[in-house]
Amino acid sequence: MAEVKEKNAPAVEFGKEERKLITDPINDNNPITVQILGICSALAVTTLMNKALVMAIAVTAVTALSNMVTSALRNAIPKQVRMIVQLVIVATLVTIVELTLKALNYPIYKDLSVFIGLIITNCIVMGRLEAYAMANRPWRSFLDGIGNGLGYGVILIIVAFIRELFGKGSVFNFKVIGPNAEYLINTASSPLLSWYTNNNLMVLFPSAMFVIGIVIWAHRAWNKKLVDIS
Amino acid sequence: MHSTSYIVRFVLIMTAIVAVVLAFMSTALKPIHLKNEAVYNKRAILSAVEKEVGKPISGLSDQEVLDIFNNQITQKVFTMSGKELTKEEVEAKGYKGGLAENVDMAQEKKKPEAERILPLYIYKTADGKTKTIVSVRGNGLWDEIWGNIALDGDLNTISGAAFDHKGETPGLGAEIKDNPSFPASFVGKKIYDENGNYKSVDVVKGGVSDPVHQVDAISGATITTVGVGEMMVRSMKYYEPALKSVKSNQ
């Protein structure tokens, strides 16, 4: 019963509409910059790019798979307990992701600590289940999950890039700009840049708030469709 | 609308499937998790002697870490009074494996001071010198902090230190781990003064008056770094009898 499949589901196809399912959440309907969802983890895991990357992959996996599973079961799920069922599906997938990450890369797992577990509470995941997966077929729901995960991930990477570059002077732990010879651009030896030091504010949580705010502004300035004309 | 009995059946079956899947995953991955955890802990211990290893510890492969541990490290466990414990005695304390690396410092910290046991590691460098690594544990601002301190052959001079924390603020308290210059500031400090009295190394805010027994705190992270100082003074004292017995065996 729990394995009810769509009888006349179309074969896996990838047309214009399917492509839109992926591109839409990355730009016009971005979960972070347009819907302002999933902000808390975006603040917490964006100090380093490799943390942000792993988090983006984990969230994408969870949204995609939970969307697919929920969509496959959507006709079997009793409406009265649908939220609980969705929560169980999400929690199961998050635990699987957590166990897998613990086996694959233990130091990153230690670094992300509780934030992998907190994907369960990420509004994007439950939001997509309610808004999309409960009314659409599995393959499309899967793509919608991928799209939203990527939309979240892109913003995470952008914010992490800014925070890591200006906070620690590095990109993916590769030292780029800073005040000694370990860095690619040694600001101490260059007369033009000798004033430069890494900005510790960027490592602290409030900077993520500023940076996300600036990213939202830049996104709206660039994409006129997002500006409310009413 | 689904009937109540359908809902109950649906939820029961779903719970059963989820339980089986998760139990299977957890059991199947357990050996890998344990191995990863062991290597992670070994890296933390080795980071105190990073200078002597000659390569960044995070750049070593898992196998290299295990090799160094097997070939160059002697593990010992001591009681608070300085008596060395055998493998069986440590196992009797509830640490499977019975080696120093199996001792859970977080568990030990919960016990009354007199009952604690202390892990100690002796690292042999390629040119035959020894570094003694001890583990310390204390409290930071938000949660526990801990570290591994390497001592020179005289069991007095600190030759390396590595700290870690559970939940200090990134950019402030977390700098005890992330900023290599903080642990580096402990190098060369001494545990005993010229008269052989125990002093350890304290962390002070603004202006180090005693360069042999004090290091400067990190600005903006006073509570965390003062916690490091408290940990260094209190936990190193635990090792006094153990270090004496190591010294007498040298």
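The model shown is predicted, which means the values in this text are computed figures rather than measured ones. Every chain is numbered from 1, with letters handed out A, B, ... down the list of sequences.
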Under 4.5 Å heavy-atom distance to chain B, tell me which part of [X] shows up: side chain, backbone, both or neither.
| X | value |
| --- | --- |
| A:Y109 | neither |
| A:I77 | both |
| A:K79 | backbone |
| A:D111 | side chain |

Strictly under 6.0 Å, is that where the ring centroids of A:Y196 and A:Y183 end up? no
Given the options B:E144, B:K109, B:K166, B:N139 meets side-chain hydrogen bond (donor to acceptor under 3.5 Å, both in side chains) only with B:K109
Closest-packed option against chain B by number of heavy-atom pairs under 4.5 Å, given A:T47, A:V85, A:I84: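 Heavy-atom pairs under 4.5 Å are most numerous for A:V85.
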Chain B shares the most heavy-atom pairs under 4.5 Å, among A:L104, A:I96, A:T100, A:V114, with A:I96
Looking only at heavy atoms and a cut-off of under 4.5 Å, which of B:V11, B:T15, B:L29, B:T169 has the most pairs with chain A?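 Among the listed options, the one with the most contacts to chain A is B:L29.
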Measuring only between side-chain heavy atoms, which start at C-beta, is B:I149 closer than 4.5 Å to B:Y239? no
How about B:P170 and A:F205: do any of their side-chain heavy atoms sit closer than 4.5 Å?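 Side chain of B:P170 against side chain of A:F205, heavy atoms only: contact under 4.5 Å found.
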Side chains of A:S41 and A:Y152: any donor to acceptor distance under 3.5 Å?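 A pair is found: one side chain offers a donor N or O, the other an acceptor, under 3.5 Å apart.
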